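Input: a single structure, listed below in structure tokens.
What you see below is based on every heavy atom in this structure, not just the backbone, and it leaves out hydrogens, waters and symmetry mates. Numbers here are sequence positions counted from 1. Source: prediction; values computed, not measured.
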Amino acid sequence: MTLIKQKIVDAFEWRRGRTADESWLPPGALHVIDTLKVFGEVNEPTQWAVALLLSVIENGGTCLPLESIASLKESHRLPDEFRSASADRWTSMLVGPSFGDGDNVVRPLVLRDGSLYFDRLWRLEQSVADHLLSPLGERARPEPPSWGSVVSDLFGDPSPDNQQQLVASQLFRQRTQILAGGPGTGKTTTVAKLILAVHRATNGSAIVRLCAPTGKAAQRIKESLLAVLADIAPNEIDQFRDKVQPTTIHRLLAINPILQRRRSKEPLHADLVIVDEVSMVDVVVLEELLSALGTDSRLLLVGDPQQLQSVDVGSVMADIVAAECPGLPVTTLKVVHRVSNESGIDRSQLLTFFDAVRDARIDDALEQLRSGGSSLRFVEIAESGLTEANEAVILTSVQQRAHALVVAARTNDGLAWREAMTSIMVLTAQHNGPLGRNWWVDRVSASTGASILGSPSTLGTPVLITATDHANGLINGDVGLVVAAPDGTTRLQLLTSDVADDDDSVVARLRPAVVTHWQPWWAMTIHKSQGSEFDNVLVAITPGTRLLSRELLYTAVTRAKRSVTVIGTASDLENALRTPARRLTGLRMALASRASRMPDSDDAN
């Protein structure tokens, strides 16, 4: 190992025993640095910059802005001579045969727009920007003659406050639109009405494809869409049901774990493609989808830029909204409808708290929590950790729900267990540690006597499927309950709209032995909760965790319809509110650059 490589290893604490909050290089980092030498000598500044870039990518970024190096938490690991170097100095130091130009000269590294990229990620973001701002093709379906009247019938008349109507009215004038908004602001209702409007205006001839990043998100949007359509068009729901068939983006593109990329060069055939939960979509998957669309297909991207970003690289929804590009209209819904209007529910308190978390108004958020009320509660624990009194308080409602599920499972009372499944949910920042998901699972299983090893066989155990199993009809994110079967055995009964009958009862029943990828659904991580909603939410913050961010906390609390209980230390809560999930990406700049090259923003679409 060269002296420089040894310094990098030592500086970034590259070892197997790392903890979650350490700044570290991913496995294979040294191999990446070695690979650069195939093209020629790699100077020391470039090796250090690549180490930083790899760390940025490991945290979800796509590039290393040179002007940001000094402010990165990893900057203290650099040698003294590089630690406070200016962007101009870095630009002069990052040279050599491993650098391409991002256009015709292909090399592993690209230095463009003041940022260091790997060539592939540079090209991915440029491709996304080009596709999003490409003009509508000449053979695209024209606006139906009846479109104006259909839109007015479903969305009402135009007005400054009727943002849903605005999205619908300009659907056929744009190739790409963005529909943004927080949880419960009416995004799903807008999509449902929009699909119905297209169906009516084209006499059912338009091809609409609806997709989401995960099976759970696709399932959730189907349930929500059918509920909305049953409310606004009950006479059309049977003939329209086939039009509402959301799928995952991967299934739409025929991508599977073996075939990681789409092989077909034939464009997807659709007049309109709607992508939900775009905040969960990474730049690689988005580029695959956009590349598969012909210019004759219109595209609607739906999501919440304030929510958690994708597990993999990129922050596409936040970047697109922030870019404010001409030719890429963004409509933001702001009025929250999800919070229950039931008697005894302090709707205004919850909404005020949601806004305070989203906007990082730390004092307001803490004041709301500490003031208490019917809808908001703060179980403050000491810095030293949980006490027995704390545990007794926070476990009561969760264990009551678990026992209610056992009773409902014994009688197989579908209505009772479906209500209990979504009545209370614990959302955790992490899997392990005090107040982590496993901490809750251990305590609830102990109180119910449930086995959490092997297959889910214990009566009354709620189940979250964690991997898609097409052979058994299971989708990652499906939920169900282990219930009593007529023959005296147990069955896993799934709540899934894909197989639901007219009364939305659960008809999918499986032998527990076939279920191999699952978690007990007494608690779940905040990441897995995206797209879900529950009556009452307990947000559990492991003391001292470094995994919290404002977006994580916002995603957790906005899963609630009736009440939120936050469990943790005051300092951890404050740290979460002060810590945005910062990702270093170049898509916003790529969009701005692409827009500046467009001949006229009015003619862009």
Side-chain angles (χ1 to χ4, degrees), residues 12 18-26 48-78 83-84 87 90 113-118 121-122 124-125 128 180 182 278-284 286 303-324 356-362 365 429-430 525-527 530 541 544-558 571-592:
F12 281 84
R18 58 182 176 263
T19 58
D21 61 308
E22 284 179 326
S23 175
W24 51 280
L25 293 179
W48 283 104
V50 169
L52 285 176
L53 177 58
L54 288 166
S55 184
V56 165
I57 292 172
E58 191 66 26
N59 288 305
T62 60
C63 65
L64 176 65
L66 302 185
E67 65 180 7
S68 300
I69 289 178
S71 63
L72 293 178
K73 65 180 181 180
E74 295 89 351
S75 65
H76 72 281
R77 303 178 185 276
L78 296 174
R83 192 170 301 161
S84 58
W90 274 110
D113 298 335
S115 296
L116 178 65
Y117 293 83
F118 285 117
L121 290 176
W122 160 262
L124 280 173
E125 290 190 330
V128 167
V278 177
S279 64
M280 299 169 64
V281 180
D282 62 78
V283 69
V284 179
L286 182 61
D304 182 2
Q306 302 292 334
Q307 281 195 173
L308 280 171
Q309 296 153 336
S310 63
V311 174
D312 291 315
V313 295
S315 56
V316 294
M317 188 66 185
D319 287 348
I320 292 170
V321 172
E324 299 181 346
V357 173
R358 180 194 63 205
D359 300 334
R361 300 200 309 271
I362 299 171
Q430 59 191 56
T525 61
I526 299 170
H527 278 86
Q530 286 182 274
I541 303 173
T545 181
R546 301 296 180 89
L547 300 180
L548 267 182
S549 66
R550 185 189 312 151
E551 289 80 0
L552 193 76
L553 183 62
Y554 174 74
T555 299
V557 300
T558 53
S571 60
D572 283 333
L573 185 58
E574 289 184 29
N575 287 336
L577 291 167
R578 296 182 192 276
T579 308
R582 183 189 183 196
R583 282 193 173 181
L584 302 177
T585 61
L587 180 57
R588 182 176 178 181
M589 184 170 292
L591 286 166

Please tell me if the side chains of [X] and [Y] come closer than 4.5 Å, counting only heavy atoms from C-beta onward.
X	Y	result
K73	S55	no
S115	M589	no
L591	D319	no
T579	L548	no
R582	L72	yes
I69	L78	yes
Q309	D282	no
L124	T62	no

Can you tell me how far [atom2] of [Y] sits from [atom1] of [X], rounded to the nearest 0.5 angstrom?
X	Y	atom1	atom2	answer
S315	I320	OG	CD1	9.5 Å
Y117	I57	OH	CD1	11.0 Å
E551	Q306	CD	CD	7.0 Å
L577	Y554	CG	OH	13.5 Å
D113	L66	CG	CG	11.0 Å
C63	R583	SG	CZ	12.5 Å

Go through it in stages, so that I can follow the logic: the residues are L116 and W90, the test is side chain to side chain contact (heavy atoms under 4.5 Å, CB included), and I'd like the CA-CA distance, side-chain angles, deciding distance and then a yes or no. CA-CA 10 Å; L116 178 65; W90 274 110; over 6 Å; no
To check you understand the geometry: which heavy-atom pair defines the closest contact between [X] and [Y], and what is its length?
X	Y	value
M280	Q530	CG-NE2, 3.5 Å
G61	T585	CA-CG2, 4.4 Å
I362	E574	CG2-CG, 4.3 Å
A49	L64	O-CD2, 3.6 Å
S75	R83	O-CG, 3.4 Å

With side chain to side chain contact (heavy atoms under 4.5 Å, CB included) as the criterion, how do I526 and L308 come out once you've worked through the C-alpha distance, each side chain's angles and the decisive distance to 0.1 Å? CA-CA 9 Å; I526 299 170; L308 280 171; 4.2 Å; yes
Under 6.0 Å from the CD atom of E67, do we count more than 12 heavy atoms belonging to anything else shown? no
Would you indicate whether R358, at its atom CZ, is surrounded by more than 12 heavy atoms from other residues, nucleotides or ligands within a distance under 6.0 Å? yes
Residues in side-chain hydrogen bond (donor to acceptor under 3.5 Å, both in side chains) with Q430, at least two apart? T545
Check for a donor-acceptor pair, side chain of T558 on one end and backbone N or O of T555 on the other, with a separation under 3.5 Å. yes
